[in-house]
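For reference, the structure discussed in these notes is given below.
Owing to the predicted nature of the structure, the values given are computational and were not obtained by experimental measurement. Within every chain, numbering begins at 1; the chains are lettered A, B, ... in the order of the sequence lines, protein sequences first and strands thereafter.
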Amino acid sequence: MARTTTKDAQALIQSFRSAYAATPTNLKIIDIYVIFAISTALIQVVYMAIVGSFPFNSFLSGVLSCVGTAVLAVCLRIQVNKENKEFKDLPPERAFADFVLSNLVLHLVIMNFLG
Amino acid sequence: MKGMVERISEVQCGYLRKRFETLLRNGQKSGVSELFTSVDGSYTSLEETYEMLRTFQVLGIEKSADINIATCPIVVEKLGSSSSTPKDLFYALRVNSILKCNINADNFEVIASKLQAVVKDANSLVDLHYSIGSLTLIKDEDSGSNVQLGDADGIFHSIKALSQSDGRWRYSSSGAESSTYAAGLALEALAGVVLLASSEVEQSMIGAVKNDIVKLFDSLERYDDGAFYFDEKLEHQGPLSATASVVRGVTAFAAVTTGDLNLPGDRILGLANFFLGIGVPGTAKDLFDQIDSLACLENNRFSIPLILSLPASVHSLTKKDLLKVKVNTVLGSNSPPLTVKLVKAFSSGSKDTPIVENKELKFDPESSIHSLDILPETVDVGKYIFVFEVVLHDPEHEKIYYTGGHSQVPIFVTGVIKINNAEIAVLDSDLESIETKQKLDLSGENGVSLSANHLQKLRLSFQLTTPLGHVFKPHQVFLKLRHETKVEHIFVVENSRKQFEIVLDFLSLVEKFYYLSGRYDIQLTVGDAVMENSFLKALGHVELDLPEPPEKATRPPPQPVDPYSRFGPKQEISHIFRVPEKLPPKEVALTFLGLTVVPFIGFLIGLLYLKVNIKNFPTSAVPATFAVLFHVGIASVLFLYLLFWLKLDLFTTLKALGFLGAFLLFVGHRTLSHLASASAKLKSS
């Protein structure tokens, strides 16, 4: 039983990897970026769990900066992905401009909140 | 200065003497003169200057040369000026009579003729008083001059016409109000008229004025202590100035007339007592009135009061000192030879049983003190009244001096009271069995330590006996119990037959004690004016065990806050500071700073692994410039954010961000549209 599960899992990961290899490079870049942002946020959460939440607003702005930019990156990925038919008319450059603008606004707020 | 102290009489007015002695002892001659000094340091008017100079003259205080220098020019100016009023002239002449400024004799003649004209026309008493007074002063000053009143009888009549049936005078013929003060002025003026008269004034007129004086003296008011004074009906004069005015007037009048005034001696003595008894008045004017009147009484022609005084009205049995009596005139001059007799002395409670009778006091000529050396053995402590009589040796003197007949003087005889059989005991409720009993030594220290419960009683008893062995009952005998919480209870110790005894039944006192158990300090107070060893002593303490308070029991009242605690140190304020947040060790923080960089490195590695390139970057010059500017713009916005975090405020940041944003929008649009058109071209081809 256990063996079949391992095998199945291996088969699942194998198929996922082969499928992911077909993903365009620009989407992969966005994926790495999202992973980078989320892991940074995770490190800060771990720090808070070990040390304490002081100074709390700095912690919040740090984590929200990471999470926010990750969410924006995910939005960018949705818009840039060619298989999403509803964004077919939207050029990826326009989506990137949105991404840049949203990030700048987000970080203005973050900086204000950082203290 | 010492001469002055001797001249101030040692009479009932001990306060007057004490005040002057204090002033003199401190070397403050200015102490008296400061009463006369106005705010700016000069004497405001000649009237006040005269009052000051006269007071100093009577008291024997040397006037300083400054006063001469400062005042004489004013006097000369007033006397030389034609616009001076009679009042100005009067006070200028009075000041001159003391200071002896050098006034030209011609001046006097001019003034004299001017004043004589005023006297003829004047109908107000005050004007008459001033002008006649001035004329007498000129006559005194310049003996060569021939100042005389031609129509002395007429002027005498016109003044006399203002007198009233009760001996008082009116200020003018039109005024209806009669005044005692005016009577004094009138008498002074009349004395001046008699002095200045070219021919003898009718004796019948003088007799009529003497009658007026006797009538005036009938209106004297009396204080309980035997002092007499004139009350003034008009508002602007007080009893002091009215009395002083009359005394001045009567002595002046008596000085210029012959024959007896027939004034009762006790009233003159009463007037002296009034002036001596008011202490040191607060204003210069009142002080002048007082001192000047005393000087008048000291040298009058009708009856010089002699005043009997005791340096100490307390006689101690333990010290065995002499009972001293002094007899002086009002300003403290020595009396003529006389003998002081102790007519009798009796306890203030029992008038009918004198303890001493008819004893003559010994006279010590050196200190001029009469003393009684031995008091009889039967004199015990207490308050006594001694009756003295002053007998003049020379019968001729009796016409000049008035001794006041019998004078009663209250005297306290003090002594040490013996305290015997003092004991304190805790008893059981039936008063039969004694639980603890301790002897007390009330003349020394005690530290009894008792304990009792609410079913027991506390008994304190002692005996007090006078030096002669009689039972002594002091004014105050209090027992005080004081709980640790400062709640106090005071009990009056009653005396029963031979001893003082108090029994505290704690059962009936629990309510009053607010059910407060614990340690009570015991304090005993025994005090009396004649008891030399009055005391307030802590006896020790009693440990009380009282029942628990029932629910409805009254709470002990809050103790009054000591009013002086307001000025004491305030309670220290302890500040509560915010507890510093716990911070991690530096190493942990730095480690995590490093850790946050790790994902970024992972991101860069991931990019390398994906073989990312920047081949899509525009190659031609213009789009490349825009692309570079676009990236520079983003970097500069991020740098601005960094500055915002570090030092800038929100408004500066937003201003800069507005410009940067517009620029970024422009270059971003150009770059991205170039990229979009490039990719569109690629697709279509």
* Asked: What part of B:I601 lies closer than 4.5 angstrom to a heavy atom of chain A: side chain, backbone, both or neither?
  -> neither
* From A:M111 CE over to B:L642 CG, what is the distance, rounded to the nearest 0.5 angstrom? -> 6.0 Å
* To do: Evaluate the ring planes of A:F96 and B:F630, with Trp represented by its six-membered ring, and classify them as parallel (under 30°), tilted (30 to 60°) or perpendicular (over 60°).
  => perpendicular
* Structure fact -> Contacts of B:R482 meeting salt bridge (charged side-chain N to carboxylate O under 4.0 Å, His left out) (sequence neighbours excluded), chain-then-number -> B:E488
* **Under 4.5 Å from a heavy atom of chain A, the part of B:A680 involved** => neither
* Asked: If you look at every heavy atom in B:P584 and A:Y47, which pair is closest and at what distance?
  -> CG-OH, 3.3 Å
* To do: Indicate yes or no: at least one non-hydrogen side-chain atom of A:V46 is less than 4.5 angstrom from one of B:F592.
  => yes
* Asked: So with a 6.0 Å cut-off around CG of A:N84, is the heavy-atom count from everything else above 12?
  -> yes
* **Interface moiety of A:V105 toward chain B, non-hydrogen atoms closer than 4.5 Å** => backbone
* Asked: For B:L640, is it the side chain, the backbone, both, or neither that has a heavy atom closer than 4.5 Å to a heavy atom of chain A?
  -> neither
* B:K512 atom NZ, over 12 foreign heavy atoms within 6.0 Å -> yes
* To do: Check whether B:F644 gets within reach of chain A through its side chain, its backbone, both or neither, counting any heavy atom under 4.5 Å.
  => side chain
* Structure fact -> Heaviest contributor of heavy-atom pairs below 4.5 Å to chain B, chosen from A:L108, A:N103, A:N112, is A:L108
* Structure fact -> Heavy atoms of A:I32 and B:L607 approach each other most closely as CD1-N, 4.1 Å
* Structure fact -> To the nearest 0.5 Å, atom CG of A:L42 lies from atom OG1 of B:T596 at 13.0 Å
* Structure fact -> When every non-hydrogen atom of B:F603 is compared with those of A:F36, the smallest separation belongs to CB-CB, 3.8 Å
* Heavy-atom neighbours of B:F639 CZ exceed 12 at 6.0 Å -> no
* Distance (rounded to the nearest 0.5 Å) between A:L114 CG and B:Y641 OH -> 13.5 Å
* Structure fact -> Under 4.5 Å to a heavy atom of chain B? For A:I35 that would be neither
* To do: Let me see the working for A:L104 and B:L657 under side-chain contact (heavy atoms from CB on, under 4.5 Å), right down to the final yes or no.
  => CA-CA 10 Å; A:L104 289 181; B:L657 189 60; over 6 Å; no
* To do: Pick one of side chain, backbone, both or neither for B:L665, based on which atoms fall under 4.5 Å of a heavy atom in chain A.
  => neither
* Highest number of heavy-atom pairs under 4.5 Å with chain A: which of B:L595, B:V588, B:T653? -> B:L595
* Asked: Is it the side chain or the backbone of A:V100 that comes within 4.5 Å of chain B heavy atoms, both, or neither?
  -> side chain
* Asked: In this structure, are over 12 heavy atoms from other groups packed under 6.0 Å from B:E445 atom CD?
  -> no
* Flag yes if more than 12 heavy atoms outside A:F54 fall under 6.0 Å of its CZ atom; otherwise flag no. => yes
* Region of B:S679 that comes under 4.5 Å of a non-hydrogen atom in chain A -> side chain
* **Pairwise distance CZ(A:R94) to CG(B:L672) - rounded to 0.5 angstrom** => 11.0 Å
* To do: Can you measure from CH2 (B:W645) to OG (A:S58) and round to the nearest 0.5 angstrom?
  => 7.5 Å
